Protein chains: 2
Amino acid sequence: MKCKQTIRRRDASATKAAILGAARTLFAGASYETVGIREIAALAGADAALVSRYFGSKEELFHEVLRDGKRGADLLGTEMEGLPERVAAILMDPEDEGKSMEDILIFLHSANSPLAGEMVRDSIMERFHGPFSEAIGGENAMERAKLFGAMLLGISISEQISGAIAETPEMREKLTVRIAEILAKVIEPL
Amino acid sequence: MKCKQTIRRRDASATKAAILGAARTLFAGASYETVGIREIAALAGADAALVSRYFGSKEELFHEVLRDGKRGADLLGTEMEGLPERVAAILMDPEDEGKSMEDILIFLHSANSPLAGEMVRDSIMERFHGPFSEAIGGENAMERAKLFGAMLLGISISEQISGAIAETPEMREKLTVRIAEILAKVIEPL
DNA sequence: ACCGTAAGTCAACAGGTGATGACATTTTAA
DNA sequence: TTAAAATGTCATCACCTGTTGACTTACGGT
């Protein structure tokens with residue numbers, strides 16, 4: 001009697017979504033080569049064979065994860081007024097745990113992968129640096145956008161690695177203000 | 001007639017050093033699992049078997065690479081006067097190509113590895129955040145040191161991924177000043 | 001010059017990877 | 001109800017990984 005506990009009813013699109021979500025989560029935590037198909041399938045509660053079946057290959061699955069991500073502008077908003085404060089608040093939100101910055105973490109972990117690297121670098125340009133430098137506008141917008149991205153990246157990955165920088169709520173508040181100031185300085189025209 | 005071009009004379013300590021150097025270079029560019037022993041050996045101009053033989057295992061080799069790295073304080077100096085300017089100059093130096101920040105890149109790429117992650121996180125604390133927060137001193141030194149590290153990390157990895165932010169020498173100069181200002185603000189007491 | 005030992009090479013291993021095709025089961029439609 | 005289509009499972013493949021042992025080659029002391 002073979003009977004594996006199937007949580008959800010047979011539903012191709014639902015399992016496909018579950019796999020995509022699991023892949024997103026895992027790729028945010030480690031590089032393209034480190035994350036295995038079986039691992040993704042396990043987290044999604046599906047069979048490993050379905051990953052290849054539904055997405056064609058691991059590489060295409062990863063591509064789909066990238067396509068599925070939010071654009072930087074969607075996350076941060078295009079309204080420049082109060083942007084540093086908004087972003088700082090997201091970065092320091094203890095509930096968030098880097099979920100808002102998931103795309104950035106995915107970028108980071110696989111940007112140097114021999115197989116997925118080029119894909120990632122294109123995606124960074126198209127989905128982040130591009131729209132964001134447009135939102136900033138003015139002279140040297142791209143340079144300032146890249147610097148801004150570098151800050152987000154640094155803080156996000158640092159928190160993922162070493163845990164939250166701020167431990168107490170008061171410290172968090174102070175740091176939020178500080179980071180907002182820094183980000184404002186980053187965007188400031190050169 | 002088996003005759004492989006042996007560049008250097010037979011010298012165990014020299015090959016060991018070559019392997020260590022190659023490993024350092026490659027681990028700065030990709031994660032612990034992504035970099036293969038055969039790849040390391042090829043770059044070092046040695047046989048793959050020697051890697052395991054001389055270092056015991058890939059894990060121990062990686063450990064050695066970490067131990068071999070400079071301490072953050074060595075690289076940046078403990079003299080606080082003019083530190084932001086100095087660091088900014090290193091970050092924007094087009095000749096450097098992230099070589100000074102190699103340790104940081106190594107940290108970054110393998111910090112989330114299931115096998116090497118813990119090792120790396122310990123190393124970050126011991127070799128970077130620790131001495132650096134001591135050098136900064138004052139209240140909330142650790143928090144400011146972590147934020148400082150996050151900036152270095154973000155800029156280094158961003159440059160490695162997308163190439164240099166500044167393309168012209170003038171732009172580079174402007175950005176160096178800007179980054180120095182930012183770093184100064186980061187260190188500033190909370 | 002020779003021989004022992006250090007240094008390097010090669011082939012093979014066990015285990016893990018992504019991928020695939022045959023099979024089993026559930027769902028849907030007639 | 002029953003057959004066909006859709007969905008999920010399993011066993012297996014070829015390849016790649018880190019590691020090891022047996023082998024060959026080169027060096028240095030006598």
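A quick note: this is a predicted structure, and the numbers were derived from the prediction, not measured. Labels below follow one simple rule: chain letters A, B, ... track the order of the sequence lines, proteins then strands, and each chain is numbered from 1.
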For this session: Remember a base hit wins even if backbone is also touched, and classify A:Tyr54 as base, sugar-phosphate or nothing at under 4.0 Å, heavy atoms.
Result: sugar-phosphate
Exercise. Taking only N and O in the side chain of A:Thr15, is any of them less than 4.0 Å away from OP1 or OP2 of D:dG8?
Worked result: yes
Exercise. Contact class for A:Ile37 (heavy atom, under 4.0 Å): base, sugar-phosphate, or nothing?
Worked result: sugar-phosphate
Exercise. Does a distance-only test, which skips hydrogens and angles, find a donor-acceptor pair under 3.5 Å between the side chain of B:Arg38 and the base of D:dG18?
Worked result: yes
For this session: Between B:Arg53 and B:Lys58, just flag the one whose closest nucleotide in DNA chain D comes earlier from the 5' side.
Result: B:Lys58
For this session: Mind calculating the distance between CZ (A:Arg10) and P (D:dT7) to the nearest angstrom?
Result: 9 Å
For this session: Could you state the atom-to-atom distance from CG of B:Leu115 to C1' of D:dT17 in whole Å?
Result: 12 Å
Exercise. Can you tell me how far C1' of C:dA7 sits from NZ of B:Lys16, to the nearest Å?
Worked result: 14 Å
For this session: Fit a plane to each ring of A:Tyr32 and A:Phe62, take the angle between them on a 0 to 90° scale, and name the class: parallel (under 30°), tilted (30 to 60°) or perpendicular (over 60°).
Result: perpendicular
For this session: Using a cut-off of strictly less than 4.0 Å, decide whether A:Arg9 has a side-chain nitrogen or oxygen near OP1 or OP2 of C:dT28.
Result: yes
Problem set entry | Interatomic spacing from CG in B:Leu26 to CD1 in B:Ile106 - rounded to 0.5 Å | 10.0 Å
Problem set entry | Any donor-acceptor pair under 3.5 Å from A:Arg86 side chain to A:Met80 backbone | no
For this session: Just do the salt bridge (Lys or Arg N to Asp or Glu O under 4.0 Å) check on A:Arg24 and A:Asp103 with the steps written out, would you?
Result: CA-CA 9 Å; A:Arg24 162 164 288 276; A:Asp103 296 309; 3.1 Å; yes
Exercise. How many Å lie between OH on B:Tyr32 and C1' on D:dT17, as a whole number?
Worked result: 11 Å
Seminar exercise, completed: note: B:Glu33, atom CD; C:dT17, atom C1'; distance rounded to Å ~ 13 Å
Exercise. How is B:Ala49 classified with respect to the nucleic acid when contacts are heavy atoms under 4.0 Å: base, sugar-phosphate, or nothing?
Worked result: base
